[in-house]
Amino acid sequence: MRLRRIEAVRYGRLAGDTLGDLGDGLTVVQGPNEAGKSTFTSLVRHVLYGYPTQRQTEPGYFVGGDGRLARLVFDDEAGEWVVERAEGAHGGDVKVRALVGTERPRLVDELTRGVSALAYKVVFGFGLDEMSGIEEMRGSNDDIIARLYAASAGLRISPHEVRTAIESDAGVLFKAGARKREINGLVGDLRAARKEAGELQRQAESFALDQQRLHDLGGRLAEARDSRDATRARATGIGLALERADGLHHTLDAQDETLLELRRERRGAGAELETLQVDDALLAAGPDLDALFDEAARCAATADSLAEAEAALAVARARAQEAADETGLDDAAREALARTDDAGTIERARDEIARLQLAAETREEEVARALGELAAVEEAAASALNGLGLPAEGARDAIEERLAAIEALEVARGGAIVMAAHGDVPALIMLVSGIAAIATGAYLAQWISVGIGAVLVIAGAWFLFRARRGAAGARSAEDRTYLRVLELEHSPNALELSRLRRALEAARSVAKDSAEVGARAAEAEREAALARDALATRRQLWSAWLTERGLDPALEPATVTRLLGLARDARRAAEVRDEAEREVAAKAARLDDFAARLAGAARPFVAVPEQPTRADIPVVASRLRERLVSARESAGRRADLERTLSAFDVRIESEEERAAKARDELREVLARFGLEEGGTREDLRAMKLGADATAAEAEAAFDEIAQGANQLAGRLENEARERRGGELRLKEAGIAERLADAVDRYLVLATAARLLADAQARYERDRQPEVVKHAGRLFSTMTDGRYTGLTIPLGDGRIEVFDRNAGAKTSELLSRGTAEQLYLALRLGLIAQLGAVGAGLPVLMDDVLVNFDPERRRGAASAVAELAASRQVVFFTCHPETAALFSEVMPGHTHIDLARCDR
Amino acid sequence: MSSVRFIHAADVHLDAPFKGVDATDPRVRDALVAATYRALDAVVDACLAHEVDFLVLAGDVYNQAERSLRAEFAFRDACQRLAEAGIRVFVARGNHDPASGWSAGLTLPDTVHVFSEREVERVVFEREGEPACVLYGRSFRTAAERDNLSLGFSRDLADPLAIGVLHANVGGQPGHEPYAPCSVDDLRAARMDYWALGHIHLGGVIEESPAIVYPGCTQGLDPNESGLRGCRLVTLDARGATVDFVPTSAVVWAKETVAADSAATLDDLARMLGAAADSAFADAAGRPAIVRISLEGRTSVHAALSRPGVLGDLLEDARADALGREPWVWIDRIVDHTRPVLDLAAVAEGEDFAGDLVRIGEALLADDRALLAYIEDVARPVLGALDARDVPEVDAAAVLERARDLALDRLLAGEGR
């Protein structure tokens, strides 16, 4: 891409001026001063980067006027494009238009990529005023070299600028020795918090000391408690021992008295035992005798029951005879009746005859009652018929005929009344309407209405009269017919008719009752006859049954039942008598046998009759029992005395042992408190008083310490519930957290800055030498070997040059011409190393060789020509000799003459 | 059949300092200061609500290092509440409250039994005069108990039920001190029906039969102890143990990760932060939450985030929004782990400035010693200004990567001044 023409449509003093066509390589534009060389240089920059705004002041440039408008025409093998920019807001709008080839709307961006406006001004389009700028901006934010490094690296921003920004960010966080940086502030805050914590810690230490005091008090309290408990226990122990010793002493006294009493009682019991006599033979026979005594008791009962049995036998005999007599029958008949088993037949006969008797009597009563009722009804009927004037014969038909006549008469009268009422209503309406029409017509003087009203009145009156007359005529004819039936001479009114009806209905009811009662009386008489027949038949059957059994046929069933019971009673009394006779015989035999055995057993010990009878048994048995009881009592007493003596021996021995133990224990109690030898209870009592005093002292000491400990514990507990410690720890944690975060951010920023610095150093170390070497060669060429090289220390704004003697010299020590040669060499060397960056941008130089001496000017021109071999260079000059010089060093370059040149 | 019901808790750490949190809001600060106490209250409440037979505390009830009387008084008060309800307390000391450590020497109610530090102690728990179960326990004598204390446990075969109580690191779990180290086989050999352990703050059931259980801490103490923490309600009989989790956290720590890849603007990111706060709110189950949000992924807002103050402004806005919830959510920090949207490998291949920068970074990352020296050199001034205890652990590789990304971001995206 090459800039082919520069067109100033309106641009300051230029208006409609065009500079071109420019060559691909070097173009020397020669013209006088004020010809517009510098103006063309600025124009190119402004079209590419925008016109200066109000705030971006630029020497010699005035904003406003009629509005600048300029164009640059670029071309390459693919086409030709016009870049046009009109002055306006934000540097003015730029337009790219294709003259040949396709549109390239982003052409300006493509051309300027990597080269800022300032870099362009200093490196690509410069005059004498900008020559030193490349050095003045070293190390600053406008470090052109750094910017061009970045541009050559494909970056839009200088690494140096990025690094500076990051270092600035890091500097906000931390700076050694500063106070207002975030980390420095947080460190201070943390120390302050810890100082506060230290104060708390001191309080805590005091707290801890108090706590230790409390702990110590706790220990002392425990000791005091132990001492108190120990002394109290000792006093209690002595007290208990004293009580025990007293108790033992009393026990020993009581035991001595007990032993004396026991021994005395034992002696008395021994003397009694020696005098006691016992019949051991009788005692040996005792069990057999006891058995006989038991049997004798049973025999006494048997003797009693024998007497009772004999008395009962006499009674039974009398009772049997009495029962037999009571039946009045001979033995055979009584026995036959007693054995009969027809008691059921007798009872059924008795019951049936009684029931049939009752039924016959009941029927007779019903007949009498029916006949009485019939007589009463017939009398009432006769009275009713007489009242109506009716004969008894045919009375019921006459009653019915008259009731029918009454009913017909009532119906006829009711119909006539209804008819008359119905006929009156329209007649009355006509009458009233006529009167109303007459009255209305008369009031309104409407005589036609009066006439109609009169007709209506007449018609209504006639109809009313006719209806009443018709009803009266009909009633009169019917009444006469019915009066004949009722045998009445005049027409009865309604009340009379009602009374007649009730009388007829009563007569009809009485007549009906008379017939029904008569039928019932006949029925009762028939049933009474049947009952009488049934009773007679049953009595005949009963008499036949008695006859068959040899009994009086006239006997009533109740009598036969009683005789049967008496016969059976007589039979049972005879059986009782026989049983009593057998019992008396058996008991008499058992008593005689026992009397013989008892006499045999008693004879060795008591006096007994030679021939004992039943009556001797109680006497012999009593004597023998008394004798045996006496012997047994003697034996029991002997055993009691022997046990008593043995018990005395045991108790005496026990009491002696207890007394010995009590004495041993007393000695032990005293020995426990050091009173083995000659110690007494009084010594122990004195010891108890001393122990009580010591325990009281220990108790008081304990109470005092406990009170102090409780007070201190209470205070510590209140303090312990404070939450200040927790809050402070939380505050410290918060600051520490913020500090850690800030330190982390700082480390990242500082490390990033360090990485950038290292990368920049590497870049400058590995890649800058080419720039520096190239610039050094150019500088050496320009200075004709006076200077052999240059160096640009990293991170430093200085540039050093070396002369052929290896002497180093900083740029500010060079003459103006030499310095300008150095700056030109740097630019040329730098541009040569940019490669693709800004490859389409022309390098515009405005008479920058003016301060060079002829020799160095030639060298510089050669260097420019060398650059023009790879980049488009437009060199403005007003010096013909400079133009001629370029013709020498680079024949064939493009040459353009401007109209005037003051120099 | 004999059975008991009890609460198993551990690692209450009363009045323990919270780490890694900057609670500038008074509500958050107050809640954190009270959190460990509220958690203990919740344990006691659970005991009363479930009418348990006893409470087992397997170590680290409080931090003796803090010399906190408040903690000891709070524990005494809790035991007193349980004593009034007739609930016994069995305590084994841990590495933070060993027998040799400092103590206020408060007198605990008679219903509290602290296991001996000299030997495994056997205590019979009776119900209505009959043995219901037997508890075996041992306390730490010193903080650094290196012996395998579990070897001293052996169940009496006549015991109706047996519970082992110990503060120990089973299986050498990382992230916790290897105190009282033992293995699952060691515990099995003791033939307990239930092992009530403490020390590991993340609760879990190590074995089902016999039950070997860490209840976890009752209150998370730093951002790494995220999620609901609590104790265990245990019903134990001859058939085995039924173990239910009972949450006790007064404040829930949470970690949220925001994948910022799709964020095109800071507004997008702000919405994502709101969603993260919503998620933490939901996970906290009705409790206040403190959430740390990590921004991850390659995103076009990386460069904007690296500008000073931007992350802080985002945090302030998100905090204000999150604190408006009830219960509140406190966004503790937003950690920026985002990366720029660029292909490092492609950049590294370029023979240019950015390539040089990436290659310098890669060379350092490949040489740990050089990397450490490099970062130490950079960090020396600032770390030298800190107290020794405040010097953070620096992940040199992470710092270098973030620094490299920052530099590249600004170089390549033109985000410079």
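The sequence lines fix the lettering, A, B, ..., with proteins before strands; numbering per chain opens at 1.
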| field | B/D110 atom CG: more than 12 heavy-atom contacts under 6.0 Å | value | no
| request: With chain B as the partner chain, list the residues of residues 746-753 of chain A whose heavy atoms fall under 4.5 Å from it, by residue number, and write 'none' if nothing qualifies. | output: A/Y746, A/L747, A/V748, A/L749, A/A750, A/T751, A/A752
| said: With rounding to the nearest 0.5 angstrom, report the CG to CG distance, A/L190 to B/D390. | reply: 4.5 Å
| note | d(A/D758 CG, B/D356 CG) to nearest 0.5 Å is 11.0 Å
| Checking heavy atoms, do the side chain of B/Y37, its backbone, both or neither come under 4.5 Å from chain A? | neither
| said: For A/R194 and B/R389: C-alpha separation, side-chain torsions, deciding distance, then whether side-chain contact (heavy atoms from CB on, under 4.5 Å) applies. | reply: CA-CA 12 Å; A/R194 284 179 178 148; B/R389 58 184 146 171; 3.1 Å; yes
| query | What's the spacing between A/R163 CZ and B/R410 CZ if we round to 0.5 Å? | reply | 14.0 Å
| message | If I measure from the heavy atoms of chain A, does B/V394 come under 4.5 Å with its side chain, its backbone, both, or neither? | response | side chain
| Pairing residues for B/R380 by the salt bridge (charged side-chain N to carboxylate O under 4.0 Å, His left out) criterion, not counting sequence neighbours | B/D377
| query | For the residue pair A/L756 and B/A407, what are the closest heavy atoms and their distance? | reply | CG-CB, 3.8 Å
| request: Report the residues that fulfil side chain to side chain donor-acceptor pair (under 3.5 Å) with B/S300, sequence neighbours left out, ordered by chain and then residue number. | output: none
| said: Tell me the closest heavy-atom pair linking B/A385 and A/F174, and the distance in Å. | reply: CB-CE1, 3.8 Å
| message | For chain A, which candidate among B/D387, B/D405, B/V391 shows the most heavy-atom pairs at distances under 4.5 Å? | response | B/D387
| field | Spacing of B/I360 atom CD1 and A/R754 atom CZ [to the nearest 0.5 Å] | value | 10.0 Å
| If you count the non-hydrogen atoms of other residues, nucleotides and ligands that lie under 6.0 Å from CZ in A/R225, is the total more than 12? | yes
| Which bit of B/P381 is near chain A, if near means a heavy-atom gap under 4.5 Å: side chain, backbone, both or neither? | both
| Does some side-chain heavy atom of A/R729 sit less than 4.5 Å from a side-chain heavy atom of B/V33? | no
| request: Take A/E737 and B/V21, measure what side-chain contact (heavy atoms from CB on, under 4.5 Å) needs, and give me the verdict at the end. | output: CA-CA 6 Å; A/E737 182 69 6; B/V21 60; 5.9 Å; no
| query | What residue in B/L406, B/L357, B/V399, B/V382 has the most heavy-atom pairs under 4.5 Å with chain A? | reply | B/V382
| Charged N-O contact under 4.0 Å between A/D169 and B/R307 | no
| With B/D222 via salt bridge (charged side-chain N to carboxylate O under 4.0 Å, His left out) - residues at least two apart | none
| Toward chain A, the part of B/L383 with a non-hydrogen atom under 4.5 Å | side chain
| field | Residue pair A/L755 / B/L400, side-chain heavy-atom distance below 4.5 Å | value | yes
| message | Show the nearest heavy-atom pair for residues B/P392 and A/V743, with the distance to one decimal. | response | CG-CG1, 4.1 Å
